[in-house]
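Worksheet: one structure, shown below.
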Amino acid sequence: MAKIGDILVAKGVISQEILEQALEVQQNEPASNRRQLGKIFYEDLGVDQHSVLHELSQIFAIKELDVHPDELTEEQIAFIDGLYDSRSDEVRAAMIRAKMVPFKLNGQGSESVLTILAADPTDPDVASMAEQLPYSNFEIVYSKVDNVDAVLNKVLSSRNDFLGILDEIQYDEESVIDDEDDVDEAALDAEINQSALTALVEGVLVEAVRQGVSDVHIVPSPGNVTNINFRVDGKLETWHSQKGVKPEAIAAVFKDKTRNVDRFERDMAQDGFIQRKIDDHLIRYRVSLIPIVGSEFDRKLESIVIRILDDRKVITDLNKLGLQEQALKDFKKSINKPSGIVIVTGPTGSGKSTTLVAALYAVITPEKCVLTVEDPVEYMINGARQLKISDKMGFEQAIRAILRHDPDIVLVGEIRDLKTAETAMKLANTGHLTFSTLHTNDAPSAVSRLYKMGIEPFLISSSVSLILAQRLIRRLCPDCKKPAGPEHKPAALELGFTEEDLKNHTIYEAVGCNNCRHGYKGRSAVMESLYFTPKIREMIITSGDQIDEEAIKEEAIRNGMLTLRMSGMERIKEGVTSIEEIIAVTVEDAE
């Protein structure tokens with residue numbers, strides 16, 4: 001395989017340095033689970049997957065097929081779905097996981113040849129599974145991973161016939177309410193026992209995972225309508241509006257499937273969780289229910305939000321977080337210190353947990369005692385002891401307990417009050433590497449927030465190593481983005497670009513195609529990394545009654561810090577995102 005690597009170097013797909021790094025990674029992997037070099041190139045070292053697999057396909061004389069899901073006929077979808085359906089659950093899940101699609105049959109009888117799409121035709125598992133299909137003649141062809149994913153989504157979504165079935169559900173509007181305070185439980189039971197309604201709820205859980213959804217919102221509306229919205233790449237979109245079914249019935253089914261919630265409690269907020277095995281992977285769902293008021297005041301309606309926790313999306317490699325050069329350097333320097341606190345700040349849904357999990361994986365070793373206190377726990381972290389919060393041991397109790405548990409590294413899920421802040425600072429000041437999060441708009445304002453919570457300036461100065469502020473931005477779809485026209489120039493200049501910048505870089509705008517959502521596909525991050533230099537520590541200690549955020553910010557910029565907006569401008573220059581997206585997510589910088 002080293003020979004293949006040399007060919008890729010000669011063709012300019014990878015550098016010699018990348019090849020050597022990949023060989024080192026491969027050598028350190030257990031022999032029983034050692035990956036091919038090609039996978040290491042694009043999974044670990046950031047090489048474009050299509051560039052690698054396109055060249056490998058040419059080397060091995062594998063055909064390449066450009067497939068568009070909109071071109072699939074109903075007969076072809078039925079053929080693919082039928083082949084999947086004929087396999088066992090385990091084999092079907094393995095085929096989907098390998099991104100392998102039995103695409104079409106050419107010829108007839110014994111002369112027929114099955115064409116199989118594969119995102120990685122060099123994967124030996126693909127050939128092995130192809131041999132188990134009911135066709136003796138087959139040809140494995142290469143297709144871009146985005147195309148294969150699109151075909152899979154189209155085929156698998158065709159299984160959701162429960163959406164059509166649900167239109168047939170009948171309901172009795174008179175049975176919804178007995179009186180102002182009591183829901184007619186018998187009538188509700190009669191409705192939720194209908195199998196189609198259960199199919200809807202299960203379908204929501206499955207489809208949300210397959211479509212890469214981060215959150216599902218189930219929102220009751222007047223007239224026995226329930227809107228089911230999916231949050232994809234940070235934006236909410238309506239996936240399905242269910243009419244003719246009481247929202248109370250849909251809520252009851254979700255509650256029946258959720259642990260730690262009371263189905264008959266409709267007047268208080270509740271939190272619970274669901275677990276499901278989807279496509280051979282265990283998925284956890286965090287469920288939040290709150291009572292809401294509708295236009296019909298005698299109805300007991302609830303809003304449900306479900307956060308999808310898919311451990312396959314956990315980033316364990318710091319280099320894949322997307323930190324820009326100076327920020328990555330400062331971040332690595334901070335997390336490799338034996339003590340001090342690293343704080344990640346930003347609004348809800350800005351990727352703070354993802355960043356902290358990647359940081360933990362970078363420093364966890366068997367020689368270290370790593371404790372986490374989170375409420376709730378989102379992702380399972382190998383090598384860490386994650387404390388369980390319950391009625392018997394609350395967040396504050398857990399924080400106090402870790403002080404007596406001989407930790408080396410501690411993750412405090414969120415600095416939410418003075419007691420938590422003081423404990424986190426005490427840990428950082430007594431030889432423990434500490435990680436936590438805070439809700440502020442940018443990095444300098446986190447210093448003021450800690451001060452206003454009651455933490456003394458000298459303690460902030462001596463304890464904090466780095467504050468990282470971040471936002472998630474939508475990535476432009478690589479298939480349809482196009483250079484922005486002259487009408488975008490005023491916005492670019494207002495954002496901070498110079499005439500020279502616009503001359504030397506191509507600015508792109510969103511278009512929209514069948515492979516994306518409104519011109520965007522996937523997300524990336526913009527980050528503001530405030531490293532605590534001796535000068536910044538001194539500015540905090542001598543700040544007196546007021547932390548001068550602007551002075552700290554200016555000093556940090558002199559040291560190489562990019563503000564959130566400056567970080568966003570770099571993403572625009574790289575062709576990752578658009579002017580409009582950066583303006584939207586860094587509005588604070590413009591004020």
Side-chain angles (χ1 to χ4, degrees), residues 321 323-335 337 340-348 350-352 355-356 359 412 414-418 420-422 424-425 428 434-473 495-496 525-571 582-583 585-591:
L321 279 179
L323 283 157
Q324 284 140 334
E325 186 178 356
Q326 186 63 42
L328 181 61
K329 180 181 173 183
D330 291 341
F331 197 70
K332 285 183 174 179
K333 194 190 309 180
S334 300
I335 68 174
K337 290 181 177 181
I341 184 168
V342 173
I343 298 173
V344 181
T345 183
T348 302
S350 60
K352 299 188 294 296
T355 298
L356 287 182
V412 178
E414 181 186 345
I415 294 177
R416 49 177 71 177
D417 52 37
L418 177 59
T420 307
E422 285 177 338
M425 296 295 167
T434 308
F435 298 95
S436 193
T437 67
L438 196 62
H439 289 280
T440 61
N441 288 330
D442 58 15
S445 64
V447 180
S448 294
R449 175 74 187 279
L450 290 170
Y451 178 73
K452 289 171 183 174
M453 288 174 77
I455 305 297
E456 295 292 339
F458 77 88
L459 194 53
I460 298 171
S461 172
S462 61
S463 304
V464 180
S465 298
L466 176 136
I467 299 174
L468 183 76
Q470 66 181 61
R471 298 287 188 281
L472 291 180
I473 56 167
L495 190 63
V526 292
M527 296 176 172
E528 177 178 286
S529 175
L530 173 58
Y531 183 75
F532 275 44
T533 62
K535 173 67 174 174
I536 287 176
R537 293 184 193 278
E538 182 186 348
M539 291 172 69
I540 293 170
I541 289 176
T542 59
S543 60
D545 295 334
Q546 187 71 33
I547 300 288
D548 191 340
E549 294 179 23
E550 200 57 38
I552 291 172
K553 183 177 182 178
E554 289 171 4
E555 175 62 22
I557 291 172
R558 280 193 289 271
N559 295 331
M561 181 187 87
L562 297 178
T563 65
L564 287 167
R565 177 151 286 192
M566 292 161 67
S567 174
M569 289 168 65
E570 291 300 310
R571 294 283 184 242
I582 295 304
I583 289 174
V585 300
T586 63
V587 66
E588 299 92 354
D589 280 5
E591 293 175 353

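What you see is a predicted model; the values in this text were computed from it and never measured.
Of all non-hydrogen atoms in Met527 and Thr355, the two that sit nearest each other are CE-OG1, 4.0 Å. Residues Arg571 and Leu323 come closest through the heavy atom pair NH2-N, 4.5 Å. Across all their heavy atoms, Ala443 and Leu530 have their closest contact at CB-CB, 3.7 Å. Residues Leu472 and Gly351 come closest through the heavy atom pair CD1-N, 4.0 Å.
With values rounded to the nearest 0.5 angstrom, Glu549 atom CD is found 12.0 Å from Arg449 atom CZ. Atom CZ in Arg416 sits 9.0 Å away from atom OG1 in Thr437 (nearest 0.5 Å). A distance of 6.0 Å separates CZ in Arg537 from OG in Ser465, rounded to the nearest 0.5 Å. Here OG1 of Thr434 is found 13.5 Å from CD1 of Ile335. Values are rounded to the nearest 0.5 Å. In this structure, CD1 in Ile460 is found 5.5 Å from CD1 in Ile547, a value given to the nearest 0.5 Å. Separating the CG atom in Leu495 from the OG1 atom in Thr586 is a distance of 6.0 Å, to the nearest 0.5 Å.
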Stepwise side chain to side chain contact (heavy atoms under 4.5 Å, CB included) check, Lys553 with Thr563
CA-CA 8 Å; Lys553 183 177 182 178; Thr563 65; 3.6 Å; yes
Evaluate the criterion side chain to side chain contact (heavy atoms under 4.5 Å, CB included) for residue pair Val447 and Ile536; output intermediate values, then yes/no.
CA-CA 11 Å; Val447 180; Ile536 287 176; over 6 Å; no
Please step through side chain to side chain contact (heavy atoms under 4.5 Å, CB included) for the pair Ile455 and Leu418, ending with a clear verdict.
CA-CA 7 Å; Ile455 305 297; Leu418 177 59; 3.7 Å; yes
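Judged as a side-chain contact (heavy atoms from CB on, under 4.5 Å), and not counting sequence neighbours, the contacts of Ser436 are Ile341, Val412, Ile415. Taking the side chain to side chain donor-acceptor pair (under 3.5 Å) definition, one finds that Thr420 meets it with Asp417, sequence neighbours left out. Here Thr345 pairs with Leu438, Thr440, Ile467, Ala469 under the side-chain contact (heavy atoms from CB on, under 4.5 Å) rule; sequence neighbours left out.
For the residue pair Gln324/Ser567, the side-chain donor-acceptor check at 3.5 Å is satisfied.
Contact check on Glu555 versus Arg558 returns a salt bridge, with a Lys/Arg side-chain nitrogen under 4.0 Å from an Asp/Glu carboxylate oxygen.
With hydrogens and angles ignored, the 3.5 Å screen pairs a side-chain donor or acceptor of Ser462 with a backbone N or O of Phe458. Remark: the backbone N or O of Met561 is not paired with any side-chain donor or acceptor of Glu528 at under 3.5 angstrom. Of the possible polar contacts, none joining the Arg471 side chain to the Gly346 backbone as a donor-acceptor pair under 3.5 Å is found.
Side-chain contact check for Ile540 versus Tyr451: every heavy-atom pair is 4.5 Å or farther apart. For the pair Lys352/His439, a side-chain contact is recorded, criterion being any heavy-atom separation below 4.5 Å from C-beta on. Residues Met539 and Asp548 fail the side-chain proximity criterion, which asks for heavy atoms closer than 4.5 Å. Put simply, the side chain of Lys329 does not reach to within 4.5 Å of the side chain of Ser529, judged on heavy atoms. Side-chain contact between Leu468 and Phe331 is present, with at least one heavy-atom pair separated by less than 4.5 Å.
Residue Lys333 places its NZ atom among more than 12 non-hydrogen atoms of other residues, nucleotides or ligands, all under 6.0 Å distant. Annotation: Lys535, atom NZ; neighbour count of heavy atoms from other residues, nucleotides and ligands within 6.0 Å does not exceed 12.
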